[in-house]
Amino acid sequence: MILMRKSYRGIRWRKYISSARLQDCRLLNCDMKGILIPKWPCFCLLNPAEARDFVISQQWPKKIGLTLDIYTDSDRECVAIFGDASVLAKESGLPLSEIRALLQIIPGVNIVD
């Protein structure tokens, strides 16, 4: 859920994402400074195209590798991708703690506790 708060007469807009569970959501051409990242098990990959070389150079569990390949095969206009680690855990059969350890090594991944 994207919520927008607007105050009247010159006070800036502030965009933030509440406690929504986001999976496979891409943000295009926006400033991430004003967007709050949902808490774990959601995660955010900033500038996914820049993580592409790292992702394809690693050995990943099959389902995780496929998802990360799709996430990082993005145009430069994609500034962030949100995912839900609980979905990755269910699809791969891996525990959430292992999914988190795998995600944390990827450049640009943000996880909020």
Side-chain angles (χ1 to χ4, degrees):
M1 168 186 306
I2 296 179
L3 302 173
M4 300 175 86
R5 182 181 297 164
K6 179 187 174 190
S7 295
Y8 192 66
R9 296 197 185 250
I11 297 177
R12 296 181 199 164
W13 286 68
R14 179 162 183 199
K15 299 177 188 176
Y16 61 95
I17 297 174
S18 68
S19 58
R21 299 289 293 264
L22 302 173
Q23 171 64 8
D24 299 335
C25 298
R26 295 172 187 245
L27 299 179
L28 306 176
N29 297 323
C30 64
D31 183 3
M32 288 297 294
K33 291 178 193 166
I35 297 177
L36 299 177
I37 298 169
K39 293 183 178 180
W40 178 257
C42 289
F43 62 92
C44 178
L45 176 56
L46 296 173
N47 302 312
E50 293 177 11
R52 178 85 175 145
D53 290 339
F54 177 82
V55 166
I56 61 175
S57 73
Q58 302 297 307
Q59 294 291 334
W60 304 98
K62 189 173 185 176
K63 292 275 186 179
I64 305 291
L66 178 60
T67 299
L68 294 174
D69 181 44
I70 292 168
Y71 280 5
T72 58
D73 188 19
S74 299
D75 293 332
R76 296 265 175 214
E77 67 185 8
C78 180
V79 297
I81 294 181
F82 291 97
D84 186 336
S86 62
V87 173
L88 293 177
K90 184 177 178 181
E91 290 175 350
S92 67
L94 297 172
L96 266 176
S97 58
E98 197 170 324
I99 299 291
R100 185 179 179 126
L102 290 169
L103 292 172
Q104 287 179 317
I105 65 170
I106 301 170
V109 166
N110 285 330
I111 296 173
V112 176
D113 290 314

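Since the structure is predicted, the reported quantities are computational estimates derived from the model, not experimental observations.
- For the atom pair CG of L68 and CD1 of I106, the computed distance is 4.5 Å after rounding to the nearest 0.5 Å.
- Side-chain contact between L102 and L94 is present, with heavy atoms from C-beta onward closer than 4.5 Å.
- Between F43 and I99 there is no side-chain heavy-atom pair separated by less than 4.5 Å.
- With contacts defined as side-chain heavy-atom distances shorter than 4.5 Å, the pair I37/F82 qualifies.
- L45 and M32 fall into different hydrophobic clusters, where Ile, Leu, Val, Met, Phe, Trp and Tyr are joined by side-chain heavy atoms under 4.5 Å apart, directly or via other members.
- For the pair W40 and L96, the minimum side-chain heavy-atom distance is below 4.5 Å.
- When the side chains of ILVMFWY residues are joined at heavy-atom separations under 4.5 Å, either directly or via intervening members, I35 and I81 end up in two distinct hydrophobic clusters.
- With rounding to the nearest 0.5 angstrom, the CD1 atom of I64 is 7.0 Å from the CG atom of L103.
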Side chains of residues 49-58: which donor-acceptor partners sit under 3.5 Å, not counting sequence neighbours?
unit_1 : atom_1 : unit_2 : atom_2 : d
R52    : NH1    : D69    : O      : 3.0
R52    : NH1    : D69    : OD1    : 2.4
R52    : NH1    : T72    : OG1    : 3.2
R52    : NH2    : D69    : OD1    : 2.9
S57    : OG     : D53    : O      : 3.4
S57    : OG     : F54    : O      : 2.8

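- Listed by first and then second residue, the side-chain hydrogen bond (donor to acceptor under 3.5 Å, both in side chains) pairs that reach into residues 83-101 are R21-D84, R21-S86, D84-S86, R100-D113, sequence neighbours excluded.
- Hydrophobic cluster membership differs between V109 and V79, with clusters built from Ile, Leu, Val, Met, Phe, Trp and Tyr side chains linked at under 4.5 angstrom.
- Following chains of ILVMFWY side-chain contacts shorter than 4.5 Å, one cannot reach L46 starting from L28, and the two form parts of different hydrophobic clusters.
- Nearest heavy-atom pair, P95 versus A89, reported as atom, atom and distance to 0.1 Å: C-CB, 4.5 Å.
- Residue C44 holds its SG atom at 7.0 Å from CG of L27, rounded to the nearest 0.5 Å.
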